[in-house]
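For reference, positions follow the sequence shown, starting with 1. Values below: all heavy atoms of this structure, side chains included; hydrogens, waters and symmetry mates excluded.
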Amino acid sequence: MISAGALGIYLIFTIPICYFDLRYRRIPDLLSYPALLLLGLYQFLVEDFAPAPLFLAAGGALCTLWVTRRLSKGGLGWGDLKLGALNGLLLPPWLWLPGLAASSAAALLLYLPLYATGRIERHYRIPFAPFLTVGAVLITMLRLGGVL
């Protein structure tokens, strides 16, 4: 189960992360690493999650985004990979992948029309942190609502 405390810790860090990514196209390590540490400790100590599923979810998200980074020749930044791992700590191990799919779908729905109409060019750097956050929050809301 995803708790309000875990979601609160997640949002405390991801809201400024989204701002920095939108404004500067960077995700500061000063926010990423403490977010990973605090959310991981919260899930382990307060929510009493076993470390193996936490590491599995965070590692799975990180590895999936790393492969995507390699295939896209650096299209994803390292900050996006760390935020993906943070999503893995927030979401249960079986839900980080739908969260990533929702993030990617949201980015496509916004940027494909912009590209098709010529408002952005092919090599436009999409700030992906807001989409990762939206995907994780959407899956969290669906989980809390009993849909997932």
Side-chain angles (χ1 to χ4, degrees), residues 2-47 49 51-116 119-144 148:
I2 302 168
S3 71
L7 183 60
I9 291 171
Y10 178 82
L11 290 174
I12 285 171
F13 286 98
T14 56
I15 290 171
I17 283 173
C18 290
Y19 169 78
F20 275 96
D21 198 26
L22 285 167
R23 175 85 190 229
Y24 304 108
R25 303 292 194 273
R26 296 186 48 85
I27 297 175
D29 289 341
L30 189 61
L31 293 170
S32 298
Y33 290 128
L36 286 164
L37 178 67
L38 287 175
L39 187 57
L41 285 173
Y42 180 85
Q43 296 284 54
F44 179 65
L45 296 173
V46 177
E47 296 298 324
F49 283 133
L54 286 176
F55 288 129
L56 178 68
L62 182 70
C63 289
T64 301
L65 289 172
W66 181 80
V67 168
T68 305
R69 177 182 164 79
R70 298 289 294 173
L71 292 174
S72 68
K73 297 179 176 57
L76 281 176
W78 286 107
D80 296 324
L81 274 67
K82 291 178 263 188
L83 187 55
L86 187 65
N87 287 358
L89 289 177
L90 174 70
L91 301 171
W94 60 92
L95 288 178
W96 64 265
L97 194 54
L100 181 59
S103 303
S104 300
L108 280 173
L109 287 173
L110 181 66
Y111 282 99
L112 275 181
L114 293 175
Y115 177 69
R119 291 191 176 159
I120 60 171
E121 299 198 14
R122 183 171 180 241
H123 295 290
Y124 179 77
R125 292 185 49 134
I126 296 171
F128 198 50
F131 297 106
L132 284 169
T133 302
V134 165
V137 170
L138 175 68
I139 296 298
T140 300
M141 293 298 127
L142 291 173
R143 176 76 174 160
L144 290 174
L148 296 175

Could you walk me through whether F131 and S104 pass the side-chain contact (heavy atoms from CB on, under 4.5 Å) test, one step at a time?
CA-CA 7 Å; F131 297 106; S104 300; over 6 Å; no

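Minimum interatomic distance between P113 and L108 (heavy atoms only, all atoms of both residues): CD-O, 3.8 Å. Nearest heavy atom pair, residue P130 against residue C18, reads CA-SG, 3.5 Å. Nearest heavy-atom pair, S103 versus G135, reported as atom, atom and distance to 0.1 Å: OG-CA, 3.5 Å. When every heavy atom of P93 is checked against every heavy atom of A57, the shortest pair comes out as CA-CB, 3.6 Å. Between R143 and W94, the closest heavy-atom pair is NH2-CZ2, 3.7 Å. Contact between P34 and F13 at its shortest, heavy atoms only, is CB-CE2, 4.0 Å.
Separation of atoms OH (Y124) and OH (Y111) is listed at 4.5 Å; rounding is to 0.5 Å. Of the inter-residue distances, the one linking Y42 atom OH with L90 atom CG reads 11.0 Å to the nearest 0.5 angstrom. Going from atom CG of D29 over to atom NZ of K82 covers 3.0 Å, rounded to the nearest 0.5 Å. Put simply, CD1 on I15 and CG on L31 are 11.5 Å apart, with the number rounded to the nearest 0.5 Å. We find the CD1-CG distance between I126 and D80 to be 10.5 Å, quoted to the nearest 0.5 Å. A distance of 9.0 Å separates CG in L39 from OH in Y10, rounded to the nearest 0.5 Å.
When each of I27, L65, T64 is tested with L81 by the rule side chain to side chain contact (heavy atoms under 4.5 Å, CB included), just one qualifies, namely L65. Exactly one residue among L91, L100, V134, L97 makes a side chain to side chain contact (heavy atoms under 4.5 Å, CB included) with I139. That residue is L91.
Without hydrogens or angle criteria, S3 side chain to A6 main chain gives a donor-acceptor distance under 3.5 Å. For R26 (side chain) and D21 (main-chain N/O), no donor-acceptor pair under 3.5 Å exists by modelled atom type. In this structure a side-chain-to-backbone donor-acceptor pair under 3.5 Å is missing from Q43 to L54. Looking only at distances, a side-chain donor or acceptor of N87 sits under 3.5 Å from a matching main-chain atom of L132.
At least one side-chain heavy atom of R69 sits under 4.5 Å from a side-chain heavy atom of W78. In this structure the side chain of L83 never reaches within 4.5 angstrom of the side chain of S32, judged on heavy atoms.
Taking the six-membered ring where the residue is Trp, the centroids of Y24 and F20 are separated by under 6.0 Å.
Atom CZ of R70 is surrounded by 12 or fewer heavy atoms from other residues, nucleotides or ligands within 6.0 Å.
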